[in-house]
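What follows is a single structure, written as structure tokens, with notes after it.
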Protein chains: 2
Amino acid sequence: MAEFTTLEHENLNSVVYAALCDALMQGRFQPGDRLKIRDLAEQFGTSVTPIRDAILRLANDEAITFRSPRDIRIPGMAESRYREIRAIRIRLEGLAAETAAQVATSANIRALEAILRENEQAIDAGDRLKGTQLNQAFHFMLPQIAGLPVLNNILRRLWLQMGPHISDAYIEGGRAMIDHHYPVIEALKRHDPAAASMAIVDDILLGGKPILERIVHGEERPARRA
Amino acid sequence: MAEFTTLEHENLNSVVYAALCDALMQGRFQPGDRLKIRDLAEQFGTSVTPIRDAILRLANDEAITFRSPRDIRIPGMAESRYREIRAIRIRLEGLAAETAAQVATSANIRALEAILRENEQAIDAGDRLKGTQLNQAFHFMLPQIAGLPVLNNILRRLWLQMGPHISDAYIEGGRAMIDHHYPVIEALKRHDPAAASMAIVDDILLGGKPILERIVHGEERPARRA
DNA sequence: ACGTCAAAAAAGATGCATCAAGTATCTTAT
DNA sequence: ATAAGATACTTGATGCATCTTTTTTGACGT
């Protein structure tokens, strides 16, 4: 999962960054949670320097923000921001799906089907964490198949921002969260770019509905203290 | 130009980051150029810490890379990567243009026209730096008009990567580089999203042609030493 | 001349001390 | 008992020392 495209010479800061990215994408942070450099340093068993480095990168990704100069927090998500991210995803994942449909091999298809099958089982078993991970894995597979690393990185950053807001939505959504993945695979099999794009758009709009509702009804500026 | 959406409490690291971003986008670095933290610290009159912070953020943006653990450089651009970035820009700037066409005010139009006029003059005067800056300003104005800050940031990062590769193309291109900006403004005036999108796509594909040719004929892995 | 290898210099990574600014706590006067 | 002010603590930013690895360089042999 934590496959980073570029560089990253297993520095401590990259290890911390990768770990925090995973935590973010898995919804292990809640909006409003506060991060303390010294605490994280203790948890990771490093000095504060690599933690600062990782935090800075995450802030650059807008995955965390400095509410005040000394108050590092997981930001809230305004509804307008979520809608914007969704619109961007539609364009970008649409492009990925179209391109993937043109070049997908049977091995690619099998990999997607394997993820989808596992995802079903995870959802049926009520395993929220595994469910979100596999859903993400499915989405990230398309730009990978398409050979679009830049696009993949952009999407990764968007998911970093969405992570804290999708936590419980997947359990509530049940299998409906991944129902739209089937038409995607069918379109790739037929090498039908337009159908692939439409299918992934359906997934983003319909499958993501519980997430939007959560955000709309949630606090814009999350309460103090977690 | 250096308007950063979020946070950024005028820390030293943010000052350095903003300065390096400007330098990158203005083409003041060449692919293959090496950056040294201690040298930059001397230039900025700070210690190495804020420089490291800024460099780390830039590396996270993939605007600079660590060729080896101790060799920080402006990366080269493979043709495939440029084509991918172009495809992404088409989708994203297309979305920005469509949205902008729906909401543009007459004040927005006037601002765009002012930039375009200035850009003409800069090109006629052979002022490469100002030409590229105003061209960028035009492109960044669309997501701003559209009210899409996330999209704006994504584009900013892409431009950070393109910056070192567009240096001399604008002089060679002459007015052809901005000819396609007129139809964009016309479409916004008519509140015609489809036309606005098509116009900006034309600009990206045709206006960017000299850039692609430069990249195709340039070195993939740039020569040592600048 | 050219290539090889080793010593020296360079350079980023890490850790840590200090600073400044904000926060919480405690004291004290009303 | 409450509120205002002072004190101590928290916490990120900055600077700096040190460590390790890389890069450079120059001497040496072919």
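Each chain gets a letter, A, B and so on, in the order its sequence line appears, and its residues count up from 1.
Of the candidate nucleotides C/dG12, C/dG15, D/dT23, C/dG15 has the atom lying nearest to any side-chain atom of A/Leu12. Comparing D/dA13, C/dC16, D/dT11 by their closest approach to the side chain of A/Arg34 singles out D/dT11. Closest to the side chain of B/Asn13, from the set C/dT14, D/dG15, D/dT14, is D/dT14. For B/Asn11, the listed nucleotide lying nearest its side chain is D/dA13; candidates were C/dT14, D/dA13, D/dG15. Counting only heavy atoms from C-beta on, B/Lys36 has its side chain closest to C/dA11 among C/dA11, D/dG12, D/dG15.
What separates CZ of A/Arg52 from P of D/dG12 is a distance of 10 Å, to the nearest Å. Residue A/Ile55 contributes atom CD1, which lies 8 Å from atom P of D/dG12 at whole-angstrom precision. In this entry the distance linking CG of B/Asp53 with P of D/dG12 reads 14 Å, nearest Å. In this structure, B/Arg73 places its CZ atom 9 Å from P of D/dT23, rounding to the nearest Å. Nucleotide D/dT14 holds its P atom 11 Å from the CD1 atom of A/Ile37, rounded to whole Å. Distance CD1 (A/Ile51) to P (C/dT14): 10 Å, rounded to an integer number of Å. Following rounding to the nearest Å, B/Tyr17 (OH) and D/dA13 (C1') show an atom-to-atom distance of 19 Å. When rounded to the nearest whole Å, the span between CG of A/Leu56 and P of D/dT14 equals 9 Å.
In this model, a donor atom of one side chain and an acceptor atom of the other lie less than 3.5 Å apart for A/His181 and A/Asn135. No hydrogens or angles considered: a donor-acceptor pair under 3.5 Å links the side chains of B/Asp61 and A/Asn60.
The side chain of B/Thr49 contributes no N or O atom lying less than 4.0 Å from OP1 or OP2 of D/dT14. Between B/Ser68 and D/dT23, a side-chain N or O to OP1/OP2 separation shorter than 4.0 Å is present.
A donor N or O paired with an acceptor N or O is not found under 3.5 Å between the base of D/dT23 and the side-chain atoms of B/Arg70. Residue-to-nucleotide contacts include a donor-acceptor pair under 3.5 Å from the side chain of B/Arg38 to the base of C/dG12.
Using a 4.0 Å cut-off between charged nitrogen and carboxylate oxygen, B/Arg73 and B/Asp33 do not count as a salt-bridge pair. For the pair B/Arg91 and A/Glu98, the salt-bridge criterion is met [side-chain N within less than 4.0 Å of a carboxylate O].
Heavy-atom distances to DNA chain C give each of B/Asp39 and B/Val48 a nearest nucleotide, and the one nearer the 5′ end belongs to B/Asp39. With the nearest nucleotide of DNA chain C identified for both A/Gly45 and B/Leu35, B/Leu35 has the one nearer the 5' end.
The residue A/Ile72 sits close only to the backbone: its heavy atoms come under 4.0 Å of sugar-phosphate atoms, none of a base.
Around atom CD of B/Glu113, more than 12 heavy atoms belonging to other residues, nucleotides or ligands sit under 6.0 Å away.
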